[in-house]
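Contents: one structure, followed by commentary.
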Amino acid sequence: MKKVMVAMSGGVDSSVALLKLMKDYEAIGVTLKLHDGEYDSNKEKTCCSLSDIEDAKNVAARFGIMHYVYNFKELFEKKVISEFIESYEKGYTPNPCINCNRYIKFEALLQRALELDCDYIATGHYARVEYSEEKGRWLLKKAISEEGENDKDQSYVLYNLTQEQLSHILFPLGEMKKSEARRIAAENGLVNADKPDSQDICFVTDGDYSGFISRTTGKKYPAGDVVDIEGKVVGRHSGLINYTIGQRKGLGIAFGKPTYIVGKNISDNTLIVGSNEDLMRDSLYAEDMNWISVESLNEPIFCKAKTRYRMTEQPCTVYPEENGRVYIRFDEPQRAITPGQSVVLYDGDIVIGGGIISG
């Protein structure tokens, strides 16, 4: 019987993933310790807390399997927290969960699993992995259910998976809806059947990203001018790390009409504001691309893409550029395209690849 290491977050999804795999694999459970402290002041919004570890242990004990806790705090600090801070300081708005998947769950954890003679790792992500004989490649595909498209699909945050990693990954929930996972958990008496999903970044418990950055770095980020799209000074900002593209509230300036943040200029420390129409863009550049369904991109392709997790993919054309960068032009303008976020490309339910929006 093949052996699988199940990454158990303490939530219902990974617990049901374990349950589904136990019939066909020898399973062991692993929970990751990623940072210090008890990050569950509001359990509806956080993950990776000490109580989450206890929930995972209880589920593992319920099914009589071994459970381990791995300390990846140093790697998490380097690859997730530090890169999160550096990205904000460059004027970007990063998604640290994508880096956590990339460097922690599907790189470091997989390496540990292989060292322990496991054939696979498994998580509770809603996505699918298939091997295509036609392409000769492993494919990452969107989650589906009996009713069709799955609104819990998490393929967007998994676009960095490599061919080697995909060949050792199982996603048991790829054809299941969240409601079904909760039903299975309840029927099997799991303690976390009704546990809410985690929502916020696990290491920023109060949702105050800029406050976290300031406390961590000990830096004071300078105030500067707020300018309109013509460059006219219309106010002052309290430090660029306090703002994100598309933000409307919290500007501290009365404009007399709906006004949004449409850009940041790090070189002169200015915050650019404009109308909702000024947020609309029909193109972007992306770098640090990872290709899944193709080995590389050598000519333009027509596909669909999304620039945020919670959006519907939009038709576009992708043009390869030098140094692995791509230029993407959408058929219709898109709102609040944000540097630092990820753009993920789709061919139907297949993930072609993705990268970081750079401009």
Check: Tyr285 and Ile357 side chains under 4.5 Å, non-hydrogen atoms: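 With C-beta onward as the side chain, the pair stays apart.
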Using side-chain heavy atoms (C-beta onward) and a distance below 4.5 Å, is Leu116 in contact with Met5?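 Of all side-chain heavy-atom pairs linking Met5 with Leu116, at least one is under 4.5 Å.
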Test salt bridge (Lys or Arg N to Asp or Glu O under 4.0 Å) on Arg329 and Asp282 and set out the steps. CA-CA 6 Å; Arg329 178 171 289 279; Asp282 64 2; 2.9 Å; yes
Please confirm whether His237 and Tyr221 have ring centers closer than 6.0 angstrom.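 That pair fails the under 6.0 Å test.
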Does the gap between the ring centers of Phe84 and Phe203 come in under 6.0 Å?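 Between Phe203 and Phe84, which both carry aromatic rings, the centre distance is below 6.0 Å.
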Heavy-atom donor-acceptor pair, Asp153 side chain to Ala143 backbone, under 3.5 Å: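 A pair under 3.5 Å: yes.
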Taking atom types as modelled and ignoring hydrogens, do the side chains of [X] and [Y] form a donor-acceptor contact shorter than 3.5 angstrom?
| X | Y | result |
| --- | --- | --- |
| Tyr88 | Thr93 | no |
| Tyr243 | Ser210 | no |
| Asn188 | Arg62 | no |
| Asp13 | Tyr126 | yes |

With side chain to side chain contact (heavy atoms under 4.5 Å, CB included) as the test, would you mind laying out the steps for Lys152 and Met176 before giving the verdict? CA-CA 9 Å; Lys152 183 66 177 174; Met176 184 184 298; over 6 Å; no
Could you give me the CA-CA distance, side-chain angles and deciding distance for Leu170 and Tyr25, then say whether side chain to side chain contact (heavy atoms under 4.5 Å, CB included) is met? CA-CA 11 Å; Leu170 301 175; Tyr25 299 90; 3.8 Å; yes
Which label fits Tyr70 and Phe72: parallel for a plane angle under 30°, tilted from 30 to 60°, or perpendicular past 60°?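 Geometry flag for Phe72 against Tyr70: tilted rings.
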Parallel, tilted or perpendicular, judged at 30° and 60°: which one describes the rings of Tyr319 and Tyr327?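 Plane angle between 30° and 60°, so tilted.
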Please evaluate residues Trp291 and Ile352 with respect to the criterion side chain to side chain contact (heavy atoms under 4.5 Å, CB included), reporting the C-alpha separation (whole Å), side-chain torsions for both, the decisive distance (0.1 Å), and the verdict. CA-CA 6 Å; Trp291 301 105; Ile352 302 171; 3.9 Å; yes
